[in-house]
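What follows is a single structure, written as structure tokens, with notes after it.
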Amino acid sequence: MHGTPLAIALLVAVLAPLAGAIVSGLFLRNAPKKAVSLVSVSAVFVSFVAAAIAYVGLDEGSLRFEGYRWFTIPLGGGQGVPIEFALSMDALSGMMAVMVAGIATLIHLFSVGYMAEEESYARYFAYLNLFTFAMQLLVLAANLPLLFVGWEGVGLCSYLLIGFWHQNLAYEAAARKAFIVNRVGDVAVLVGMFLVASLTGTLDFEALSQRAGVFDVPAFGVLGMTAATAVSLLFFWGATAKSAQIPLYVWLPDAMAGPTPVSALIHAATMVTSGVYLSARMSPIFVKSSAALTVILLVGAATALLAGLVALTQDRMKKVLAFSTVSQLGFMFAAVGVGAFSAAMFHVFTHAFFKALLFLGAGSVMHAVHAHGDAELDRLGGLRKALPVTSLTFLVGALSLAGVPLLAGFFSKEQILHALFGAAGNAQLAAGGVAVSIPSWAATTAIVFLALAALSTAFYSLKLYLRTFTGEPRHDAEPHEGGLEMKLPLVLLAVGAVLAGYLWLPAEGLERFAESLRAVVRDALPVEAHGGALPMIVGLGALAIGAGLAVALYKGKAEDPLPAKLGAFYRAAYQNFGVDALYDRLFVRPVAAISRFVRSFDFETIDGLFVGIPSGLATVGSKAVRQLQGSTVHSHALGMVVGLVLVFGYFGYPRLEVTIRHEGARTVLEVPPSFGYSYRVDFGGDGTYETGDFRADLTALAVPPSAAKKDRVVLLVHREPLDSEPVEVWLDEHPRELGERELGADFIPPGARGALPIMAWIEDGAVKLRTNLPGDEPEERELRPGQSHRIGAARLVATGVAFARVEVKNAFGHVTVQELEFPFRGRARTAVRGGSRRIP
Amino acid sequence: MTGSAGSWLFLVAASLAVACALGTVLSRNTLRSAMFLLGHLGSLAMLYLTLHAELLAAIQLLVYAGAILVLFVFVIMLIGPSGGEPPPFRNAFPRTFAATFVATLGLAVLGLVGRTAMEVPSAPEGFGGVEAVGFALFRDAAVPFELIAVTLTVAALGVVGITRGKTAVEAAGEAKRPEAE
Amino acid sequence: MTALFALAPLVLLLVGGLLIMLVDAFAKERVEVSALVSTLLGASFVVAAGSLLADPNPSGLPAEITRYLAVDATGYFTDVVLTVAALIATLAAGSYLREHELERPEIYLLLLLSTFGAMVLARAADLIVLFIGLETMSLAVYGMIAMRRNNARSIEAATKYFLLGSFAAAIFLFGAALLYGATGGTSIAAIRDAIRGGHAEPALVMLGLVFTLAGFAFKVAAAPFHGWAPDAYEGAMIPVTGFMSVVVKAAAFASLLRVFTGVFGDPLLMHPTTGWPTLVAALALLSMLVGNLGALGQKNIKRILAFSGIAHAGYVLVGFASLHAVPEDATAAILYYFLAYAGGTGLALASLVAFGSKGLEAVDVDDLVGLGKRHPLLALPMAIAMLSLLGIPPTAGFFAKLFLFQAAAQAGGIFAWLALAGVALSVVSGFYYLRIVVALYASEPAEGAVVARPMRSGYVLLAMVFGSALVVKLGVMPGLYLDLALEAGRGLFH
Amino acid sequence: MEFGIGAYAVLATTIFGIGALGFVVRRNFLVQLMSVELMLNAVNLLFIAFNRIYVEQHGGQSFAFVVIAVAAAEAALGLAIAIAYHRIHRSVETDLADRLRH
């Protein structure tokens, strides 16, 4: 292990919370609560201090702590991708690490008061510490696999914390949903990691950003995507799960079942932003794919709007905040989608303050009115006098979220809008020399979506404040503020919610913050603001309308007038537009059904598979089920016999996969060599086998000219550029028109359209061509197979069609036959038919 | 052993072996099954003789018929010949399936093995005799031969463990939870 | 003598086991058989590990021995895996039998000799010895299951396992006989040479492959030959379940590895589309499907682990399917997987032993509810085991799966899709593994539920510490062990 | 009429099939065990018959010897289990054992 003393700080920042978790989880179980608080709060605080020291000491460039060679991903042939156990900090991870530890410290502190009555106090703090550890590991990891460890870790802790209060297994659904949705995303991250490793030979972030040039070349195609698009979309898929984007956002609102400080820490400030963080980390690859960015932009904007609309209608504090989080994450991804990674990270930063503040405020309210789990807005109201600190700080948070000028949320949201307007304005964004283009319709759509989302943000944040703190009380508790340990975090976070935005201002002494970040992430956009005053007008307009509506509707009202006013839309939005129900029907029920089905895997299943499906045997099947049901020796033995027959059946019939390869002028048939296989081939279909009897040593065979069929010729039409794949035209004696598809649109002069410019047919084993081009005399020519002819920009080549009957015999004397027709040159295809029989 | 005598011996022994095998499988009385098995073992010993495996034929009779089968009969006597098992081919499904299985296996293997023309060299002097097989077992295959001892020890340990008298604890009752039905 | 030294891990067990048997038979006082057996297994482990690190490929051994028992790095590696697993099982068994007052010295001796059989099986270089090893191992396991003879479930499990196991053994033997007929040899090398030299009748070889593969598939509980596994696992005593699920499976897989890289390692037989890799891929997919989906609805933890074992057999078979493309990487991944699986499953079952006492066992998932609150230290290993089996980094299971799927991805084509299916199906496995973690940590038992109290026993604690250390170490420093596995696997290709 | 090794192989396969069939369709523990014995005997016949081709060694006969020895061990243990089974179910009908299920 080596590294500068400063690099050791990275290790401390990561390990301190782990130590805290171990001590309080395993050894302080029966200790006084004060001891637990002391250990766990100070563990996180130590992490904060260490991260801050490292961050401050981080001048230009990065800091790295080298551990040891963790493992090597084998890549075959002695090759491998070495993976170090290493931590590193640059402007991006530094900002995240300090923010995570800082907010975690405040939330730990708040929890001391909030969870004071909790029985499993030590367990709670152990989980919280463990979570902070995983998050710091995620942020400070120097390579993807280590990041993945943290990535899994935060998911796991979130899982444990969501289920924290549940007394039995029946209530764990929310926790399990969260975990499974996250795992669905993990698969994509893993696959993306494999791809990156095999393409670039490294998974280290630093090396990766240097080798990102690999992605400039369209290295391979996956479903018609370039490598950059495939990798970006895979990582984005992972991010949609962790950062709750469409279609994987369903888990986050349900995850509010845990204690409120947990919601604040995990589901607002830290874990959910890790998807954005990963995107920013991968920005050197992301910016190389316009397609992926467009997808991200649209998904982000749609999520922002959809979740914003759902948030309007929710009637519980935490539910509103949860959907609000989903919506704000949508904003961040919209920024990622136009390649404005630093704007996205800016919003991550400001959002962390005000959303943590709002959640803790909600926690403070719930603590005050003794609401369990969540607080219904209909049972709150008028809390301003009883909870002055909470009320004031909550207002600050709500206004910051709404985007009131000069508060943190305003600045970051403005930057996102600026970026979007920039993208809509000039379709070409320059990123490291590669042009990225976002279709302007996509950018415009996103702007509209985000403007509406901003409007609804303003509306629901004001609504939340008004319905909670103003008007007549609709509850019968005697509310009181929590202790200092609860008030202090609120105040500090409120300060952050006001000031965090100024760090980004191009002011003297502050510019380093934003500048150094931009040096790390690869923004596709130039730094300067775009779109003039328009983004600000849109933002402020949305704010004014939303806030105005909220005040008009809710000022002094006891009832929520929204359900009546919006009617069916309200109900639909309240139910999350039926998405949960849809998922239930699409995924949950089928899986449950399959599991029931497989669980009964003995006779019922074998029966279902082999007997039940063909309806004619249904009666036999049901009888068999009744008589053989059960887990007896019998049923298992039959299962084995079924297996044996299947295994035997696999080898019973030979498989034949003929590939046709063109080597210059030669056309070669290739057959897979295999044990006990022997082949014979009949060319031309005359019944004589050119290879003699079945031969085991046959692997490749040149197709002789005699294989050509007399009545078939293929015309290969090469268009400019001539090295592209030719278009094949199979000809017979009926004259055929060569039109736009074969010759290309530009080839056919305007006057010739519909006037049969070139006709082709086959006569005496040769191609006859009649050209009828405007301006030229009609002309007729003949092309023998092998000859070529040029007309304008096209080159026409005539080639014969070969016929081959390939037969393969396996060790058991079973023969599979395939008859093939294929042109001597051009694309090889066209299996005419196949079949099996037995030759003893 | 070739020539017509060998052929006749083969035909008789083979028919007997198949008939006894069928009898073993199809008899509803367990004791009768065991007797058919005895016949089967005997006819196999005869077949071994036609293959120049004199020692194996002797072992077949001594160990298989003499020891294993006696064990079977002993157990059948101990627990009484069973009855009341439903006829084996009552169910449509296993019948269909088993027939398919045997047909598949049979077709594949019969066609194949029957086709395989394998030359039968003349057996050297002493092939299959006590001396030759003894050398093969004790000298060439010493390792497997010694390892069989471990297998037999394991079986003995297992049998002792399963059948020996109750321990005090068992008499007092067993673990409660796993038995809770 | 050199041969005896080279085979010291096996010789120790055999000689020691016979000595213990004698001492137990003639001693006047009660002999602590479990302690003696654990010590022997530990010694064997140390010797095997030492040989693996010092001189994994000794030369100059008499051919009479090496033609039956391979003395190579792969052999030492499997010795290590098998002794580790057997040690965990024996320690757990010591606690379990004493706590539930079922103690019988025969069980420990059977454990010992079964491990010996497993090691013979894993090292077998000849089909005769392979069969003897297989039967020695299996007969001992049947005996161990049936030992709790007043328990209807145990006897049922023994009956099913015994009958089906004998059936499978006969099927395997039929395959061996056909291979003998095709080649005239019984040793892996002789059969291999005959096949490579083209002297073997192809049809007999193919049939031999079909039947031997079916026999192996039964032992490793790969679908559709898996039917017995859940029943046998559930009916057996917990430590025996642990032994079966790890030792039996790993030994059978190790032997399969020898047979498939040796006898059936012919390039023509290994053709990716027409040879056995595609067939093995199909078995792998089916096993992963059946195992993962079958475990979903189960309540009984042993049944869950049985289905999980079927799924894991599927993962290992993914490695087998990629042997044709990247033989060394795939072999190393398979060997590494044995260690990870042995650690994870052994740890889970040792924990399960620890959770019960005085005739009360933790049997169902519901029985674990709240254990993590009451006994956080004791519950931790179970959680670690579940996370490892699920494949969460940084545990052994993550890297085990990573290496296997990486090998399959390199093989490309349908094998890459197979790897993807494996990744997707291990997502499904989250449902049942995490149910156990949740039960441990996030819940309270229902009112009035009978709660099994954890036992107090140094043995089982030792097993848990040992297992946890293994799982965590394999996760935190996988490179070291992967290198070892790579080195060990090369022995097969010499 | 001459019978080559092929005839022995056909015979062995037939016996093996009969044994397998018996194992699958019968439910009597002892008869199932006897079916397995039939299968093992078929294997032995195959080994000994094939050894007749490779007369320069005794690999097949040695294997058959080992199979007989192991079969003895297997039968002994199996019968012990059968007795234990009979003590519980008062019968050796294996279908009675279906307590272990999901």
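Residue numbers begin at 1 in each chain, while the letters A, B, ... track the order of the sequences.
- The most heavy-atom pairs under 4.5 Å with chain B, out of C:Ile155, C:Leu110, C:Leu18, C:Ile65, come from C:Leu110.
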Q: Test side-chain contact (heavy atoms from CB on, under 4.5 Å) on B:Leu147 and C:Phe131 and set out the steps.
A: CA-CA 11 Å; B:Leu147 286 174; C:Phe131 174 64; over 6 Å; no
Q: Evaluate the side-chain contact (heavy atoms from CB on, under 4.5 Å) criterion for residues B:Val143 and C:Arg67: first the C-alpha distance (whole Å), next the side-chain angles of each, then the deciding distance (0.1 Å), finally the verdict.
A: CA-CA 9 Å; B:Val143 172; C:Arg67 69 164 275 218; over 6 Å; no
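- The minimum heavy-atom distance between B:Ile162 and C:Ala146, with the atom names listed, is CD1-CB, 3.5 Å.
- Ranked by heavy-atom pairs shorter than 4.5 Å toward chain C, the options B:Gly161, B:Ala142, B:Ala141 are led by B:Gly161.
- Here the CE atom belonging to C:Met147 is positioned 7.5 Å from the CG atom belonging to B:Leu157, to the nearest 0.5 angstrom.
- Only the side chain of C:Val120 comes within less than 4.5 Å of a heavy atom of chain B; its backbone N, CA, C and O stay farther away.
- Looking at heavy atoms from C-beta onward, B:Val154 lies out of side-chain contact with C:Met137 at the 4.5 angstrom threshold.
- The CD1 atom of C:Ile132 sits 4.5 Å away from atom CD1 of B:Ile148, with the distance rounded to the nearest 0.5 Å.
- C:Leu109 CG to B:Thr153 OG1: the interatomic distance, rounded to the nearest 0.5 Å, is 10.5 Å.
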**Q.** Check against side-chain contact (heavy atoms from CB on, under 4.5 Å), C:Glu106 and B:Val160
**A.** CA-CA 8 Å; C:Glu106 289 95 348; B:Val160 169; 3.9 Å; yes
